[in-house]
Amino acid sequence: MTHACKVAEFFDGTGGPRTLIQLDNVWVSLGGKTVLEDITLNLQEKRFVGVIGPNGAGKTTLLRLILGILKPERGGVCVMGMSPTELKHELHHIGYVPQNVLFDPLFPVTVFDVVMMGRICCIGPLRFARKKDKEAVHESIEIVGLQGLEKRLIGELSGGQQKRAFLARALCRETHILLLDEPTSGLDVPVQNQFMELLTRLKEELGLSVIFVSHDVNVLARYADEVICINRTMQMQGKPEEVLGSDRLKDVYRCEFDFLVGAGGDD
Amino acid sequence: MLAYGFGQRALVGGLLIAATCSVLSFFIIVRRLAFAGMGISHAAFGGVGIGIALGLNPIATAAVFCVGVAGGIGWFSRKGRLHEDAVIGILFSASMALGVVLIAAAHAYNQDLLSYLFGSILAMNWMDVVILAVLTALGLAFLIFFFKDLLFFSFDEETAKASGVPVRFVYYGLLITMALIIVVSIKLVGIILVSALIVIPGATGLQVFSNYRGVLVVSTVAGLASIVIGLYLSFQFDVASGAMIVLILFAFFLLAVTLSPRRSYMQKLLKPASSPSREED
């Protein structure tokens, strides 16, 4: 299936809400196994979109598809009006925070070095950091509240601080879209809340579009503007209370959920 | 030593190798490729065997063979359903076996073979030095030009890929660079000991500094100093230069482990014996 992405419409549009991500009947196979099947999806920009689904449902694959790391077997993908081929040259608009970065705690890089990795798309020949790159790194570190820790080894930080450092790395470019894969996994509840509050603030202040994968229905209920439920195929898309309160979600997970829609959202 | 041409060539060749190995060593340590380095260096024996059996330059055939083995390690690890260490174990032993069979078939078990196994830097001619300079310059250029990409890739491959780092290119580039540097280093220390040159400098640097800039400085200083001191001592005491260089490198490593401010051994040793305190009661 041919699919025409309209990059000009995205960047030179009239200012109304724009379609950020458009998937049309997308199929993805990995190692001969179908991981995503006939996914059709439209996401508007500047929304806080949560993705939910059981293990193996294809949530991370969906993020990797949006990032252009994976190519669809069938169907069309447009991100910011660009095809995956065009997107390769515009990756500086996307910030990515992976689920778990399995690195050696003694890996000899500081917080500053890790955040500077986010500039790799933008820095010049030989990857020598210029003044504006260093300023962007310091600004990102400050935004996530890690100032004063720039010279600390990344392995010396707590789990929550490391997540913030990886968030700073994702922001340290010309980020329009922030993709996060289970950003709160492994964090205790107060740190989870702090992290999600930070994301909400950043989304508003920087005008970001945030897409995050989570298994935590309470986090989704409290922070997402919109929730997508997938289980290899598209199951539901809608407001958190519609999706998370649906009987279909119980069918997808084959269990009951207890959550408080909007609980604490006005704190 | 420098009054002799062979001493000058040994020093120049050794320093060129050490400079490249020291930077390469950093990535070998942080990317955990030490076993791959050992596997490729031992696989060089198969390449040498092919050269001897076919009557070609054994170092040239070892270079082609090692690049093939490095590519094989990369390809099987990423595409196959085998872990990297298993692939290395298979290719390493198969290559060694190939070398043994070919050399035996060519009836070439002689003194020359020992120079491939344990190095013969003092027997280098200026053409060897020129070839070595070209290959080490290419290796160093790759490591410097793609340093930030290699660092990102070594730390967090998935995000590096998502950020536009050409991960496949830098991974195979690192393996091929390692293969070529190993082959040119065979003249210096031989197949058996070459892995020391690409492992110990980086490991030494990591004992002293926690930041990659410091690690690289210590790695380079240790690598270069081991060549100068090792060659000098081997000349003075008439012992094998390759083995002496490796022993000096090992001594630097032990010193770094013992004296490193990152470790507590020395602090405990130097701490004045405290009088019995109430805490002990």
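Letters A, B, ... are given to chains in the order of the sequence lines, protein chains preceding strands, and every chain is numbered from 1.
Residue A:I154 touches chain B through its side chain alone, counting heavy-atom pairs closer than 4.5 Å. For B:F147, no part lies under 4.5 angstrom from a heavy atom of chain A.
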Checklist entry - So A:F103 and B:S154, side chain to side chain contact (heavy atoms under 4.5 Å, CB included) or not? Walk me through it. => result CA-CA 9 Å; A:F103 64 90; B:S154 302; over 6 Å; no
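For the pair B:L206/A:L106, no side-chain contact is recorded, criterion being any heavy-atom separation below 4.5 Å from C-beta on. Using a 4.5 Å heavy-atom cutoff, the side chains of A:V114 and B:F152 are not in contact. In this structure the side chain of B:D156 reaches within 4.5 angstrom of the side chain of A:R169, judged on heavy atoms.
Open room surrounds CZ on B:R32; 12 or fewer heavy atoms of other groups in view lie less than 6.0 Å from it. For A:E156, the CD atom counts as densely surrounded, since its 6.0 Å shell holds more than 12 non-hydrogen atoms of other residues, nucleotides or ligands. Other residues, nucleotides and ligands place more than 12 heavy atoms under 6.0 Å from the NZ atom of A:K203.
Residues of residues 157-167 of chain B lying within less than 4.5 angstrom of chain A, judged on heavy atoms, are B:E158, B:T159, B:K161, B:A162, B:S163, B:G164, B:V165 in numerical order.
Partner A:P108 forms a side chain to side chain contact (heavy atoms under 4.5 Å, CB included) with one of B:N211, B:I29, B:V30 and no other, that one being B:V30. With B:F155 as the partner, the side chain to side chain contact (heavy atoms under 4.5 Å, CB included) test is satisfied by one option alone out of A:D113, A:D104, A:V109: A:V109.
In terms of non-hydrogen atom pairs under 4.5 Å with chain B, the most contact-rich of A:L91, A:L179, A:I120 is A:I120.
To the nearest 0.5 Å, atom NZ of residue A:K151 and atom OG of residue B:S210 are 12.0 Å apart. Summarising the geometry, atom CE belonging to A:M116 is positioned 11.5 Å from atom CG belonging to B:L151; distances are rounded to the nearest 0.5 Å.
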